[in-house]
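The sequence lines fix the lettering, A, B, ..., with proteins before strands; numbering per chain opens at 1. What's counted below: heavy atoms across the whole structure, side chains too, no hydrogens, waters or symmetry copies.
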Amino acid sequence: MATENNTTEEQVISAPNFVRNIVAEDVKNNKNGGKVVTRFPPEPNGYLHIGHAKSICLNFGLPAESANGKCHLRFDDTNPEKEDVEYSRAIEEDVKWLGFDWAEDLYHASDYFDQLYQYAVALIKKGKAYVCHLSPDEAREYRGTLKEPGKNSPYRDRSIEENMQLFESMKNGELAEGECVLRAKIDMSSPNINMRDPIIYRIRKVHHHRTGDDWCIYPMYDFTHCLSDSIEGITHSVCTLEFEDHRPLYDWVLDELETPCHPQQIEFARLNLDYTIMSKRKLLELVENGYVNGWDDPRMPTISGMRRRGFTPESIRTFCERIGVTKKDSVIETGVLENCIREDLDKKAPRVMAVLDPIKVVIENYPDGQEEMLTAKNHPNDETLGTREIPFCKEIYIERGDFAEEPPKKFFRMKPGGEVRLRYAYIVKCESVVHDEQGNVIEIRCSYDQETRGGKTPDGRKIKGTIHWVSAKHAVDAEVRLYDRLFNVPNPDAGEGDYKGNLNPESLEIRVNCKVEPSLAQIDAEQRYQFERIGYFCHDAKDSDEGVLVFNRVATLRDSWAKLSR
RNA sequence: UGGGGCGUCGCCAAGCGGUAAGGCCCGGGGUUUUGAUCCCCGUAUGCGUAGGUUCGAAUCCUGCCGCCCCAGCCA
């Protein structure tokens, strides 16, 4: 029997990738009792971007595909100087919006500060950690270089008792910030710099957004992350490539200490998108210096920016699935992302008519004062979206670009003496053109064919062009924001010079005199539409107000005419 | 001779010894009241490169070349 799943269930195509393969193999071998526990570990020091979305989809997707799995959301909040609850709030919102659920499993590395301290003490007692009084400059010298081994710190052989005492003093705030640190005792001549007695605790007499003033020493990432993973029973700790060099340290800490479990760290290549940047630091700079209007500026590659721009969670998930997961550095073309949102919105977005650059058309033989309602489909291929009535009268607006006094070859929009179909309305013929003193077209005069109501041609005549329009009398004013790429070079970080020099000055174009059909006068916040023949647009709830309608362009429609006429 | 990674179509990416999937882009055609969508068709004798092993190699071995990451008391 045919199952209804065939028609109702969305096909989630999960292509194999090396991380999935590892996890699947582990489940098959009943490693970790067949459990799959991952975590998404953001530092609350900025907003999430599309690169994080890749990690989120991977980390939440892996356990979702297994019978016995879950993904934790864990804030990696070990550096209070840069972190803030505002970021935590935004991160939670973004993860949820993307469609993922950590259920009960929301944690903070700071939840483990006590345990982490105890682990550090255990390391000292084992003779595997020591308090080092080298200054930052000295420490750098002792560390050696990429090619030369480092030298042992003169404090390396302090007694366990002395280290215990000193570490205690550090914790009690008796020592000054920067005066000393706690280091793991590993190997100063290791070819892997991360193993040259890495710092695991530093003194920072600053307020932590969660633990307040409880601590004046804070653990470093390498010490914190592996232990947090272990404490939470993580089975697969998936991170990006730059941590590959840290894996020996991740494993060292867990091997030296008695911990609940030893998760497997797996590294994958982070996402790069052309014509944008993915560095949190730089994104923060754009926000702080006003190059963009906040983290949720629709031009930003942030989740909140993309949400405001009008991207759907589904389209972002599709994108993350489509680009794959490998260890190869790559740069994805923005076109792939655009295609994902077009695909999704083509299916879902109701169609509507809007004129972004209006020019008036007067239909001379249409009776003065007459009005009529015409029926328009809300979706050309999906009847379930229904129809709506749109008003028509003697004066309408059409797109300035849909008229050409001197039409190029194959131009089948409105031109002098030519016929064109007004979508869902009538076939009209351009009779004359009105100019101003400068010769600009300020009005177009047409005649209409009464027999073609609804755009039909009872005589079977073929009309190549169909253009959109809005009744001048009934039109609603709107502001429409057209976005282009934030940077005008594929890799803004490449080459000499500051990346900000590559900012695209035309990334935002505001159209204030747009005319949209009256059905848009009352709509839901953040509703997405297709403006027929133009593109996909999203209502901007933040800047719209009583009497002010603002739309953001999500993406244009494909335009083979533009391509042809180039 | 510092260490760690990576190199399959313009951009991604499957493949893991049996004779190069797929997506995006691109080109051609069809349907269409969106020059949209949709639907066909086309696009690597080739897998960084040079050798070797094998009946057979993108897949195994060796050398070479190229690219990325690491010297924060950041994550």
Side-chain angles (χ1 to χ4, degrees), chain A residues 13 15-17 41-43 45 76-79 81-83 132 134-136 139-141 143-150 177-183 190-196 198-204 218 220-222 224-225 239-248 267 269 274 280-281 321-340 342-343 346-347 351 353 376-377 379-381 410-413 421-425 427 452 454-457 463-468 530-535 556-565:
Chain A
I13 324 104
N17 64 53
E43 182 188 10
N45 68 343
D76 223 332
D77 54 351
T78 57
N79 185 3
E81 284 169 300
K82 293 181 178 170
E83 296 155 7
C132 179
L134 248 25
S135 72
R140 194 177 311 119
E141 277 174 42
R143 191 155 38 228
T145 67
L146 293 178
K147 291 190 175 182
E148 299 152 19
E177 214 172 89
E179 188 176 331
C180 60
V181 295
L182 183 69
R183 292 226 251 169
S190 170
N192 181 344
I193 292 187
N194 295 302
M195 300 298 271
R196 319 236 261 232
I199 293 169
I200 57 180
Y201 262 95
R202 78 286 212 185
I203 301 170
R204 278 288 170 281
Y218 292 94
M220 299 286 286
Y221 167 85
D222 286 308
T224 307
H225 204 86
C239 62
T240 43
L241 246 31
E242 68 271 27
F243 293 102
E244 211 152 16
D245 287 343
H246 295 241
R247 195 171 65 226
E267 311 85 8
D274 62 5
K280 265 190 185 179
R281 201 207 92 222
E321 188 57 49
R322 200 165 283 182
I323 58 178
V325 179
T326 68
K327 297 185 71 131
K328 186 169 96 179
D329 287 311
S330 63
V331 182
I332 310 291
E333 292 172 338
T334 306
V336 180
L337 220 203
E338 280 180 357
N339 194 63
C340 290
R342 284 197 190 108
E343 229 169 72
D346 173 59
K347 256 186 322 198
R351 268 79 294 206
M353 293 205 281
K377 290 180 175 177
H379 191 109
N381 312 314
K410 292 196 136 176
F411 183 88
F412 39 85
R413 272 112 98 145
R421 172 185 291 110
L422 295 178
R423 175 140 243 228
Y424 297 123
I427 309 297
T452 58
K456 300 185 175 67
T457 50
I463 301 295
K464 282 282 256 186
T466 298
I467 63 175
H468 58 98
Q530 183 196 101
F531 288 179
E532 291 216 34
R533 302 208 313 128
I534 303 176
T556 61
L557 248 36
R558 277 206 191 81
D559 189 351
S560 58
W561 165 246
K563 210 179 286 175
L564 214 181
S565 54

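OP1 or OP2 of B/A13 lies within a sub-4.0 Å distance of a side-chain N or O belonging to A/Lys328. Contact annotation: A/Thr326 reaches the phosphate of B/A13 (side-chain N/O to OP1 or OP2, under 4.0 Å). Put simply, A/Arg204 has a side-chain N or O that comes within less than 4.0 Å of OP1 or OP2 on B/C74. The side chain of A/Arg322 places no N or O atom within less than 4.0 Å of a non-bridging phosphate oxygen (OP1 or OP2) of B/A13. Checking the phosphate oxygens (OP1, OP2) of B/G35, a side-chain nitrogen or oxygen of A/Arg533 falls inside 4.0 Å. In this model, the phosphate group of B/A36 is approached by a side-chain N or O of A/Ser560 to a distance below 4.0 Å at OP1 or OP2. In this structure, A/Arg342 does not reach the B/U34 phosphate: none of its side-chain N or O atoms is under 4.0 Å from OP1 or OP2. Within the 4.0 Å cut-off from OP1 or OP2 of B/C11, not a single side-chain nitrogen or oxygen of A/Ser330 is found.
Of the C1' atoms belonging to B/C24 and B/G30, the separation is 22 Å, rounded to the nearest Å. B/U54 and B/G18 are spaced 12 Å apart, taking the C1' atom of each and rounding to whole Å. Taking atom C1' in both B/U8 and B/U1, the straight-line distance is 30 Å, to the nearest Å. Nucleotides B/C38 and B/U19 place their C1' atoms 36 Å apart, quoted to the nearest Å. When the P atom is used for both B/C64 and B/C26, the distance is 42 Å, rounded to whole Å. On the P atoms, B/C39 is 11 Å away from B/G23, given to the nearest whole Å. Using C1' as the reference atom, B/A13 and B/C73 are 42 Å apart when rounded to the nearest Å. Look at the P atom in both B/U62 and B/C67: the space between them is 23 Å, to the nearest Å.
When side chains are defined from C-beta on, A/Glu83 does not count as touching A/Asp76, because their heavy atoms never get closer than 4.5 Å. Residues A/Leu134 and A/Arg183 are in side-chain contact: their nearest non-hydrogen atoms beyond the backbone lie under 4.5 Å apart.
Of the residues near RNA chain B, A/Leu564 and A/Thr145, the one whose nearest nucleotide (by heavy atom distance) lies more toward the 5' end is A/Leu564. Residues A/Leu241 and A/Thr466 each lie close to RNA chain B; by heavy-atom proximity, the contact nearer the 5' end of the strand is made by A/Leu241.
What separates CD1 of A/Ile199 from P of B/G72 is a distance of 10 Å, to the nearest Å. Rounding to whole angstrom units, CG of residue A/Asp274 and C1' of B/C25 are separated by 12 Å. A/Arg421 places its CZ atom 15 Å from the P atom of B/A36, with the value rounded to the nearest Å. Between A/Met220 atom CE and B/G72 atom C1' there is a gap of 7 Å when expressed in whole angstrom units. If you take CG of A/Asp77 and P of B/A75, they are 10 Å apart, rounded to a whole angstrom. In this structure, A/Asn194 places its CG atom 18 Å from P of B/G2, rounding to the nearest Å. When the P atom of B/G22 is taken as reference, atom CG of A/Asn339 falls 17 Å away, rounded to whole Å.
For A/Arg202, taking side-chain heavy atoms from C-beta onward, the closest of the listed nucleotides B/A75, B/G35, B/C12 is B/A75. Closest contact between the side chain of A/Pro191 and the listed nucleotides B/G2, B/A75, B/G35 involves B/G2.
Within 4.0 Å of A/Asn381, counting heavy atoms only, lies at least one base atom of the nucleic acid. A/Arg423 comes within contact range of at least one nucleobase, with a heavy-atom separation under 4.0 Å. Note on A/Glu532: a base of the nucleic acid sits closer than 4.0 angstrom, heavy atoms only. A/Leu557 comes within contact range of at least one nucleobase, with a heavy-atom separation under 4.0 Å. Among the atoms of the strands shown, none is found under 4.0 Å from any heavy atom of A/Tyr201. A/Thr78 comes within contact range of the sugar-phosphate backbone alone, with a heavy-atom separation under 4.0 Å but no base atom that close. Residue-level contact check: A/Arg140 touches the backbone only, with heavy atoms under 4.0 Å from sugar-phosphate atoms and none from bases. Residue A/Lys464 is classed as having no contact, given no heavy-atom separation below 4.0 Å to the nucleic acid. The residue A/Leu134 sits close to a base: some heavy atom pair falls under 4.0 Å. When heavy atoms are screened at a 4.0 angstrom cut-off, A/Arg351 is found touching base atoms of the nucleic acid. Base engagement by A/Tyr424 is indicated by at least one non-hydrogen atom pair under 4.0 Å involving a base atom. Within 4.0 Å (heavy atoms only), A/Phe411 reaches at least one base atom of the nucleic acid. Using a 4.0 Å heavy-atom cutoff across all strands shown, A/Gln530 reaches at least one base atom of the nucleic acid. Among the atoms of the strands shown, base atoms are found under 4.0 Å from some heavy atom of A/His246.
Side chain of A/Arg351 to main chain of A/Glu532: no donor-acceptor pair is present (N/O by atom type, distance under 3.5 Å, no hydrogens or angles). Using modelled atom types, no side-chain atom of A/Glu148 and backbone atom of A/Gly144 make a donor-acceptor pair closer than 3.5 Å. Remark: side-chain polar atoms of A/Arg143 are not paired, donor with acceptor, to backbone N or O of A/Pro198 under 3.5 angstrom. A donor-acceptor pair under 3.5 Å links the side-chain atoms of A/Arg196 to the main chain of A/Ser190, judged by distance alone. Remark: side-chain polar atoms of A/Thr452 are paired, donor with acceptor, to backbone N or O of A/Ile427 under 3.5 angstrom.
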N/O to N/O distances under 3.5 Å, protein versus nucleotides 26-32 of chain B:
from	atom 1	to	atom 2	distance (Å)
B/C26	OP1	A/Lys563	NZ	2.9

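In this structure, B/G72 shows a glycosidic angle within 90 degrees of zero, which is the syn conformation.
Annotation: the span from A/Thr78 atom OG1 to A/Tyr201 atom OH amounts to 10.0 Å, rounded to 0.5 Å. Note that the CH2 atom of A/Trp561 and the NZ atom of A/Lys410 stand 8.5 Å from one another [nearest 0.5 Å]. Rounded to the nearest 0.5 Å, atoms CD1 (A/Ile193) and OG1 (A/Thr145) are 7.0 Å apart.
Every residue two or more places apart in sequence or in another chain that forms a side-chain hydrogen bond (donor to acceptor under 3.5 Å, both in side chains) with A/Asp274 is listed here: A/Thr334.
With hydrogens and angles ignored, a donor-acceptor pair under 3.5 angstrom links the side chain of A/Asp245 to the base of B/G3. A donor-acceptor contact under 3.5 Å links the side chain of A/Glu333 to the base of B/G10.
Side chains of A/Arg281 and A/Asn45: no donor on one and acceptor on the other come within 3.5 Å.
For A/Lys327, the NZ atom sits in a packed shell: over 12 heavy atoms of surrounding residues, nucleotides or ligands are nearer than 6.0 Å.
Base pairing in RNA chain B gives the following stems of 3 or more Watson-Crick or G-U pairs, range against range and under 3.5 Å: B:2-7 with B:65-70, B:10-12 with B:22-24, B:26-30 with B:38-42, B:48-52 with B:60-64.
Remark: ring of A/Tyr221 does not overlap the six-membered base ring of B/A75 in a stacked fashion, as centroids less than 5.5 Å apart with planes less than 30° apart are not both met.
One finds no salt bridge joining A/Lys280 and A/Glu43 here, because no Lys/Arg side-chain nitrogen approaches an Asp/Glu carboxylate oxygen to under 4.0 Å.
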